[in-house]
Asks: 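Let me begin by handing over the structure; questions about it come next.
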Amino acid sequence: MKALETLRETGFYYLTPGQVVMFAIGFVLLYLAIKKKYEPYLLVPIGFGAILVNLPLGNLIGDHGLLRIFYYGIEYEVLPPLTFMCIGAMTDFGPMIANPRTVLLGAGAQFGIYIGFVIAYFLGFSLPEAASIGSVGGADGPTTIFLTNAKAPALLGVTTVAAYSYMALVPIIIPPVVKLLTSESERKIVMKQLRPVPKLEKIFFPMLTSILVCLLVPTATPLIGMFMIGNLFRECGVVDRLTRVSQDDLMNIVTILLGLGVSIKMTAEEFLQWKVLLIFGVGLIAFAFSVAGGVLLAKAMNLVSKEKINPMIGAAGLSAVPMSARVVQVMGQQANPRNFLLMHAMGPNVAGVIGTAVACGLFLMLV
């Protein structure tokens, strides 16, 4: 009896099979992050957090639990917008400003978000849940977190893991979709060098874009506003300390808090449900349709344009910055060693971040 009473004081007595499964899932995420280097900065805290929140008697997710406090930054819509600000401080809008047509490609690459939304709804998910699942197709983790927390917080763990997992798989998912939809001659198209963008244009762009986009879609203001002010830090040239902090220290702190905060939605009770596999499946379909949407729109633009676009840069409309653009650059070099598509691909890549935030805002308004 005394041994039993002693055992009851430990977590072993209360350990459930579901929690053991979640330990395994946590180890898988850590393996992908550490061994395969798939989005390690997010998957390491999320994977280890998944283990921590499933430890019985750990008291990490109660009302005053440590990870619960981290989660307040998500619940009160602080951490995802801060992430956008940091990304803005690291992003050069020059390629998009130099070639405004790439804004359309960024918008076209959001097609998968709406396809995922429709599929999820017809699979029986509620409208808010379907919106959250569809957002995985934008390849933008902070946006998915922001929207899911507002509309379907019970899905926060699975949609976040899906979004960041597919972001990590960008080099694997983009090439087959692009090759399926383009010919060898299209992949060899060489685009002319972009014009230099004056500093004044780079300074005015975030201000004017904030006004225009946030007036059209007010619910996107927290994301778009923070994204643009971060970029203004970078371009104005008078707040170097703010720029450095946003690009480095603040980004790292926010990433830690975001990853650990999300993990409180990865308890066995919330995560181990039949619909988790459906969400991952729909997310993958949405992701593929986003790539296809950008590529097909670029091909359509070539039908009416004298200056041809290499349709592969449409695939960079996924808002995984700058990974999508780098994948397109590698594919361009493989097709034609004289092809240097990185800066061209950065245009739709940056536009994709804006497009995903706008899609999130639309869902917040309409769903």
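FYI, side chains are in, hydrogens and waters are out, and symmetry mates aren't considered; it's all heavy atoms of this structure.
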Asks: Answer yes or no: does atom OH of Y72 have more than 12 heavy-atom neighbours from other residues, nucleotides or ligands under 6.0 Å?
Replies: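 Yes, the 6.0 Å shell around OH holds more than 12 heavy atoms from other groups.
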
Asks: Considering residues at least two apart in sequence or located in another chain, which fulfil the side chain to side chain contact (heavy atoms under 4.5 Å, CB included) criterion with I354?
Replies: M96, I224, F227, M228, V358

Asks: By side chain to side chain contact (heavy atoms under 4.5 Å, CB included), which residues pair with I119, not counting sequence neighbours?
Replies: I115, L123, V282, I285

Asks: Could you state the interatomic distance from OH (Y38) to CG (L169), rounded to the nearest 0.5 Å?
Replies: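 Taking OH in Y38 and CG in L169, the distance rounds to 5.5 Å.
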
Asks: Tell me, which pairs form a side chain to side chain donor-acceptor pair (under 3.5 Å) where one or both residues lie in residues 169-179, sequence neighbours left out?
Replies: none

Asks: What's the spacing between L257 CG and L82 CG if we round to 0.5 Å?
Replies: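 With rounding to 0.5 Å, CG (L257) is 9.5 Å from CG (L82).
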
Asks: Once you round to the nearest 0.5 Å, how far does CG of L105 lie from CG of L296?
Replies: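 Atom-to-atom, L105:CG and L296:CG are 11.0 Å apart.
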
Asks: Got a second to check how far Y71's OH is from I264's CD1, nearest 0.5 Å?
Replies: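 Interatomic distance, Y71 OH to I264 CD1, rounded to 0.5 Å: 5.5 Å.
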
Asks: Below 4.5 Å, heavy atoms only, C-beta onward: do I309 and T102 meet side chain to side chain?
Replies: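 They are not in contact (no side-chain heavy atoms under 4.5 Å apart), so the answer is no.
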
Asks: Would you please name every residue forming a side chain to side chain contact (heavy atoms under 4.5 Å, CB included) with L194, sequence neighbours left out?
Replies: P95, A98, N99, M343, H344

Asks: So which heavy atom on S263 is nearest to which on V53, and how close?
Replies: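 Minimum heavy-atom contact is O-CG2, 3.3 Å.
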
Asks: Using atom types as modelled and distance alone, determine if a side-chain donor or acceptor of E235 lies under 3.5 Å from a backbone N or O of I203.
Replies: no

Asks: Identify the residue among T159, L43, L32, L29 that makes a side chain to side chain contact (heavy atoms under 4.5 Å, CB included) with Y164.
Replies: L43

Asks: Measuring only between side-chain heavy atoms, which start at C-beta, is K202 closer than 4.5 Å to R234?
Replies: no

Asks: For P40 and K37, which heavy atoms make the closest approach, and how far apart are they?
Replies: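 Taking every non-hydrogen atom into account, CD-O, 3.6 Å.
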
Asks: Do you know which two heavy atoms are closest between M323 and A168, and how far apart they sit?
Replies: SD-O, 4.4 Å

Asks: Give, for atom CZ of R101 and atom CD of E307, the distance between the pair rounded to the nearest 0.5 Å.
Replies: 5.0 Å

Asks: Quick one: do L278 and F125 satisfy side-chain contact (heavy atoms from CB on, under 4.5 Å)? Show the steps, please.
Replies: CA-CA 10 Å; L278 279 181; F125 291 95; 4.2 Å; yes

Asks: Taking all atoms of both residues into account, what is the closest heavy-atom pair of C360 and L223, and its distance?
Replies: SG-CD1, 4.0 Å

Asks: For the side chain of Y166 and the backbone of F280, is there at least one donor-acceptor N/O pair under 3.5 Å apart?
Replies: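 Confirmed, Y166 side chain pairs with F280 backbone.
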
Asks: Which is it for V161 and M266 under the side-chain contact (heavy atoms from CB on, under 4.5 Å) test, yes or no, and what are the steps along the way?
Replies: CA-CA 10 Å; V161 171; M266 295 185 68; 3.8 Å; yes

Asks: Less than 4.5 Å apart, any side-chain heavy atom of V158 and any of Q273?
Replies: no

Asks: Between V190 and V178, is there shared hydrophobic-cluster membership here, with clusters defined by ILVMFWY side-chain heavy atoms closer than 4.5 Å?
Replies: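 Cluster IDs for V190 and V178 differ.
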
Asks: Say whether, by atom type as modelled, one donor and one acceptor occur between the side chain of N231 and the main chain of T91 under 3.5 angstrom.
Replies: yes

Asks: Just to verify, what does Y114 make a ring pair (Phe, Tyr, Trp, His ring centres under 6.0 Å) with, not counting sequence neighbours?
Replies: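 With neighbours one apart ignored, the set is F363.
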
Asks: In sequence, state the C-alpha distance, the side-chain angles, and the governing distance for L52 and L55, and then conclude on side-chain contact (heavy atoms from CB on, under 4.5 Å).
Replies: CA-CA 5 Å; L52 292 178; L55 291 169; 4.0 Å; yes

Asks: Does V177 reach the side chain of V295, with side-chain heavy atoms less than 4.5 Å apart?
Replies: no

Asks: Would a distance-only check, ignoring hydrogens and angles, find a side-chain to backbone donor-acceptor pair under 3.5 Å from K151 to A131?
Replies: no

Asks: With hydrophobic residues grouped by side-chain heavy-atom distances under 4.5 Å, do F70 and F48 end up in a single group?
Replies: yes

Asks: Count I, L, V, M, F, W, Y as connected when their side-chain heavy atoms are under 4.5 Å apart, and connections chain through other members. Are F340 and M312 then in the same cluster?
Replies: no

Asks: If a pair satisfies salt bridge (Lys or Arg N to Asp or Glu O under 4.0 Å) and one of its residues is in residues 124-149, list it, with sequence neighbours excluded.
Replies: E129-K275

Asks: Got a donor-acceptor contact below 3.5 angstrom from the Q19 side chain to the T16 backbone?
Replies: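 Flag set: sc Q19 to bb T16 pair under 3.5 Å.
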
Asks: How would you list all residue pairs meeting salt bridge (Lys or Arg N to Asp or Glu O under 4.0 Å) that involve residues 239-266, not counting sequence neighbours?
Replies: none

Asks: Is there any salt bridge (Lys or Arg N to Asp or Glu O under 4.0 Å) pair reaching into residues 62-76, and which pairs are they, with sequence neighbours excluded?
Replies: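 Of all non-adjacent pairs touching residues 62-76, none passes salt bridge (Lys or Arg N to Asp or Glu O under 4.0 Å).
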
Asks: How about Q334 and V330: do any of their side-chain heavy atoms sit closer than 4.5 Å?
Replies: yes

Asks: Does S132 offer a backbone N or O that forms a donor-acceptor pair with the side chain of S135 under 3.5 Å?
Replies: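 Judged by distance alone, yes, a pair lies under 3.5 Å.
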
Asks: Taking all heavy atoms of G259 and all of I46, pick out the closest pair and write down the distance.
Replies: O-CG1, 3.5 Å

Asks: For residues 175-214, pull every pair meeting ring-ring contact (aromatic ring centres under 6.0 Å, His included), keeping only residues two or more places apart or in separate chains.
Replies: F93-F205

Asks: Counting C-beta onward and ignoring hydrogens, is there a side-chain heavy-atom pair between E186 and N302 closer than 4.5 Å?
Replies: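 They are not in side-chain contact.
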
Asks: Applying a strict under-4.5 Å side-chain criterion to I, L, V, M, F, W and Y, I'd like to know whether V367 and F146 cluster together.
Replies: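 Per the 4.5 Å side-chain linkage, V367 and F146 are co-clustered.
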
Asks: Please list all pairs meeting side chain to side chain donor-acceptor pair (under 3.5 Å) that have one or both residues in residues 355-367, counting only residues at least two apart or in different chains.
Replies: Q110-T356, S319-T356

Asks: Is there a continuous path of hydrophobic side-chain contacts, each under 4.5 Å between heavy atoms, that joins L216 to L208?
Replies: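 The answer is no; the residues belong to distinct hydrophobic clusters.
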
Asks: With a 4.5 Å limit on heavy-atom distance, are the side chains of I74 and L156 in contact?
Replies: yes

Asks: Tell me the closest heavy-atom pair linking A315 and V328, and the distance in Å.
Replies: CB-CG2, 4.4 Å

Asks: Side chains of R326 and P171: does their closest heavy-atom pair fall under 4.5 Å?
Replies: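 No - every pair of side-chain heavy atoms lies 4.5 Å or more apart.
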
Asks: Evaluate the side-chain contact (heavy atoms from CB on, under 4.5 Å) criterion for residues D92 and M346: first the C-alpha distance (whole Å), next the side-chain angles of each, then the deciding distance (0.1 Å), finally the verdict.
Replies: CA-CA 8 Å; D92 180 7; M346 281 302 298; over 6 Å; no

Asks: For the backbone of R187 and the side chain of N310, can you confirm whether one donor and one acceptor N or O come within less than 3.5 Å of each other?
Replies: yes

Asks: Quick one: pull up CD1 in I113 and CZ in F287 and give me the separation to the nearest 0.5 Å.
Replies: 11.0 Å

Asks: Under the side chain to side chain contact (heavy atoms under 4.5 Å, CB included) rule, collect the residues that match up with S324, sequence neighbours excluded.
Replies: V170, I174, A316, L318, A320, N349

Asks: Could you tell me whether a side-chain N or O of K299 sits under 3.5 Å from a main-chain N or O of L181, the two making a donor and an acceptor?
Replies: yes

Asks: According to salt bridge (Lys or Arg N to Asp or Glu O under 4.0 Å), does anything in residues 26-35 pair up with another residue at least two apart or in another chain? List the pairs.
Replies: none

Asks: I'd like to know whether CZ of R338 has more than 12 heavy-atom contacts from other residues, nucleotides or ligands below 6.0 angstrom.
Replies: no

Asks: So, the side chain of T243 versus the backbone of F233: is there a donor-acceptor pair under 3.5 Å, distance only?
Replies: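 Answer holds: yes.
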
Asks: Could you tell me whether the side chain of S290 and the main chain of A109 form a donor-acceptor pair under 3.5 Å?
Replies: yes

